[in-house]
There are 2 protein chains.
Amino acid sequence: MLTYTEENYLKALFKISFDNDNEEVGTNELATYLAVKPATANDMLKKLKDKGLVDYEKYGKITLTKTGKKFAIDVLRKHRLWETFLFEKLDFSWDEVHEVAEQLEHIQSQKLVDKLDKFLNYPEFDPHGDTIPNKKGEMKVQFKKTLSEVAVGSSCKMVAVKDNSSSFLQYVVKVGLGINNEIKVLSKQEYDKLTDIEVNGVKSSVSQKFAENIFVVCKNCAVGKPCSEPSVCEIK
Amino acid sequence: MLTYTEENYLKALFKISFDNDNEEVGTNELATYLAVKPATANDMLKKLKDKGLVDYEKYGKITLTKTGKKFAIDVLRKHRLWETFLFEKLDFSWDEVHEVAEQLEHIQSQKLVDKLDKFLNYPEFDPHGDTIPNKKGEMKVQFKKTLSEVAVGSSCKMVAVKDNSSSFLQYVVKVGLGINNEIKVLSKQEYDKLTDIEVNGVKSSVSQKFAENIFVVCKNCAVGKPCSEPSVCEIK
DNA sequence: TAATAAAGTTAGATTAATCTAACAAATAAA
DNA sequence: TTTATTTGTTAGATTAATCTAACTTTATTA
Ligand SMILES: [Mn+2]
Ligand SMILES: [Mn+2]
Ligand SMILES: [Mn+2]
Ligand SMILES: [Mn+2]
């Protein structure tokens, strides 16, 4: 059985790597992410190594073992199921769910997870558009791109947010955007990188930084990979 | 902010006292209840005293302060709301809910408790018939008695169980009993204290020990106080 | 009431998770 | 290729929660 803290370290390692094109993770990076000191993370890494959850050599990079990855994905699954529960059933707004899910993700009960999953009708995405791993640990991934990559004149559909901070999420709502909204990219200012968009007939302008944190899928785009091609990412 | 463990101690102090006619609680009793050693409980009592949550002098009895009681009741409220959620919404059986609720009761989010309460339509009793404190900390109490106190020839309604262990709860189901069932007391064997009862037209016999762990309300009983007289127990 | 038992306390140790401060290794810059 | 910077490690300390073993106080009983 893992402790609350061990679970957080494993989840952090998985997320840091997964959200950055499966890059290798270092001690300081991990420590920063978890808001602890490098010395603390270093101690924990030794423990996780002893337990066979991470591959790690002194001064080397950190990777999750198969077992470590399994646990990490399980915590992520619980986190996102709880977020969905709070959002769908208890009327939390999408900027409020994360904090509470950070606690709920550590409740130990396989039966609870299974029942919750069923109660929510086996959701595939959480309120932020992030994929919810299924019971086997498989994650549906979409070939999504950011709004900043969409060519002028194209239309796309918002599917997720990259920045999950409540300040950003509230801002997104304020701008009139939400998951599944159709976004038309009208034009881009070369001078200050502002992007003019149209959502539900309403026009507005968003900054480059903003556009980089909105994930979309679309066809006929000038940049990036084909969208709307869901596939399944198996656990290696 | 209280720790997980501090919350458990406060809840334990409240329950030991409440379930035994508001008796005063001792260190060893508390330790036994929480399955820790007396030395451990003693250390914690000092801490809780420092925090103003218990009244306690060396070698004396332990009582909760007003603040301590408030926290204890809040944990109890969360515990019983979660039990109700698991039972009503996720189809857990009544012998499975306690263990998971022991974890869920420590989730810190006032909003979550309020929303959950609303989602469950402000329930007054949990799956075991125990009263759920409302937001103000008020607890509806029934003048219930045990099945063993009911006179031969009387009828009564089962409202709760005294023993919450899953083995007992499973046994109750096996015997064909459940909350809100009408129970007719047919006869009692003087020799071995067996009680013959009838539930939904089905007759069976239960032991003295069993009968002492079933709470009922009824009119026209020979023993005990008047039933069916709900009142509200304010926080003193 | 004196002996015995029960209840409660203290001292010292352990484990998990964290920190600071000093140090070492690896990488980047000059 | 030295030097400087970044990255990572170690040693020693702290806090919360727990334990064992020894000790003290209170309560019971003979
Ligand atoms: Mn967490
Ligand atoms: Mn999310
Ligand atoms: Mn608890
Ligand atoms: Mn209950």
Side-chain angles (χ1 to χ4, degrees), chain A residues 1-14 16-17 20 23-64 67-68 71-72 75 102-103 105-108, chain B residues 1-14 16-17 20 23-64 67-68 71-72 75 102-103 105-108:
Chain A
M1 189 72 85
L2 302 179
T3 67
Y4 186 105
T5 311
E6 288 167 342
E7 288 192 337
N8 280 341
Y9 275 83
L10 295 178
K11 189 182 67 157
L13 285 167
F14 182 82
I16 295 170
S17 180
N20 296 289
E23 64 153 24
E24 289 189 301
V25 183
T27 306
N28 285 8
E29 191 179 8
L30 175 62
T32 304
Y33 185 91
L34 288 170
V36 296
K37 302 295 165 185
T40 308
N42 187 262
D43 280 349
M44 180 57 81
L45 286 171
K46 289 176 190 164
K47 207 204 313 180
L48 294 175
K49 193 196 168 178
D50 285 348
K51 290 197 173 189
L53 300 167
V54 300
D55 285 322
Y56 172 63
E57 295 302 328
K58 224 196 224 189
Y59 295 105
K61 292 297 176 183
I62 313 150
T63 48
L64 289 167
T67 313
F71 281 115
V75 177
E102 276 297 311
Q103 299 177 61
E105 71 188 6
H106 301 289
I107 302 292
Q108 307 282 183
Chain B
M1 190 71 85
L2 302 179
T3 67
Y4 185 104
T5 312
E6 287 167 343
E7 289 192 334
N8 280 342
Y9 276 83
L10 295 178
K11 189 183 68 156
L13 286 167
F14 181 82
I16 295 170
S17 180
N20 295 289
E23 62 153 26
E24 289 189 302
V25 183
T27 306
N28 285 9
E29 192 180 7
L30 175 62
T32 304
Y33 186 91
L34 288 168
V36 297
K37 301 296 165 184
T40 308
N42 187 263
D43 281 348
M44 181 57 81
L45 286 171
K46 289 177 190 163
K47 209 204 311 180
L48 294 176
K49 194 196 166 175
D50 286 348
K51 290 198 173 187
L53 301 169
V54 300
D55 286 322
Y56 172 62
E57 295 303 328
K58 223 197 223 187
Y59 295 106
K61 292 298 176 182
I62 313 150
T63 48
L64 290 167
T67 314
F71 281 116
V75 177
E102 276 298 310
Q103 298 177 62
E105 70 187 7
H106 302 289
I107 303 293
Q108 307 282 182

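Order of the sequence lines fixes the chain letters, A, B, ..., with proteins taken first and strands second; residue numbering starts at 1 for each chain.
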*Rounded to the Å, how far apart are B:D50 CG and D:dA16 P?*
11 Å
_B:N20: which residues meet the side-chain contact (heavy atoms from CB on, under 4.5 Å) condition with it, sequence neighbours left out?_
B:I16, B:E23
_For the CG atom of A:L64 and the OH atom of A:Y56, what is their distance to the nearest 0.5 Å?_
14.0 Å
*Whole-Å gap separating C1' (C:dT15) and CE (A:M1)*: 18 Å
_Distance check needed: C:dT15 P versus A:K51 NZ, whole Å only._
13 Å
*Taking the side chain of A:V36 as heavy atoms from C-beta outward, which of C:dA16, D:dC19, C:dC19 is closest to it?*
C:dC19
Review item, side-chain donor-acceptor pairs of residues 7-14 of chain B, under 3.5 Å, at least two apart:
| unit_1 | atom_1 | unit_2 | atom_2 | d |
| --- | --- | --- | --- | --- |
| B:E7 | OE1 | B:H106 | ND1 | 2.6 |
| B:N8 | OD1 | B:H106 | NE2 | 2.9 |
| B:K11 | NZ | B:E102 | OE2 | 2.8 |
| B:K11 | NZ | B:E105 | OE1 | 2.9 |
| B:K11 | NZ | B:E105 | OE2 | 3.2 |

*Can you check the A:E24 CD to D:dG8 P distance for me, whole Å?*
11 Å
*Please report, rounded to the nearest Å, how far the P atom of D:dA16 is from the CG atom of B:L2.*
13 Å
*What is the distance from NZ of B:K37 to C1' of D:dA21, rounded to the nearest Å?*
12 Å
_Contact state string [nucleotides 7-14 of chain C, B base, S sugar-phosphate only, - no protein heavy atom under 4.0 Å]_ = BBBB----
*Using only side-chain N and O atoms of B:T3, determine if any of them is under 4.0 Å from OP1 or OP2 of D:dA16.*
no
*For B:K51, what residues pass the salt bridge (Lys or Arg N to Asp or Glu O under 4.0 Å) criterion, not counting sequence neighbours?*
B:E6
*asked:* What contact category does A:T5 fall into here, base, sugar-phosphate, or nothing, at under 4.0 angstrom with non-hydrogen atoms?
replied: sugar-phosphate
Name every donor-acceptor pair, under 3.5 Å, that has one atom in a side chain of residues 24-39 of chain A and the other anywhere in the protein, sequence neighbours excluded.
| unit_1 | atom_1 | unit_2 | atom_2 | d |
| --- | --- | --- | --- | --- |
| A:E29 | OE1 | A:G26 | N | 3.4 |
| A:T32 | OG1 | A:N28 | O | 2.8 |

_Side-chain N or O of A:Y9 closer than 4.0 Å to phosphate OP1/OP2 of C:dT18_ = yes
*Using the test side-chain contact (heavy atoms from CB on, under 4.5 Å), find all partners of A:D55 that sit at least two apart in sequence or belong to another chain.*
A:T63, A:T65
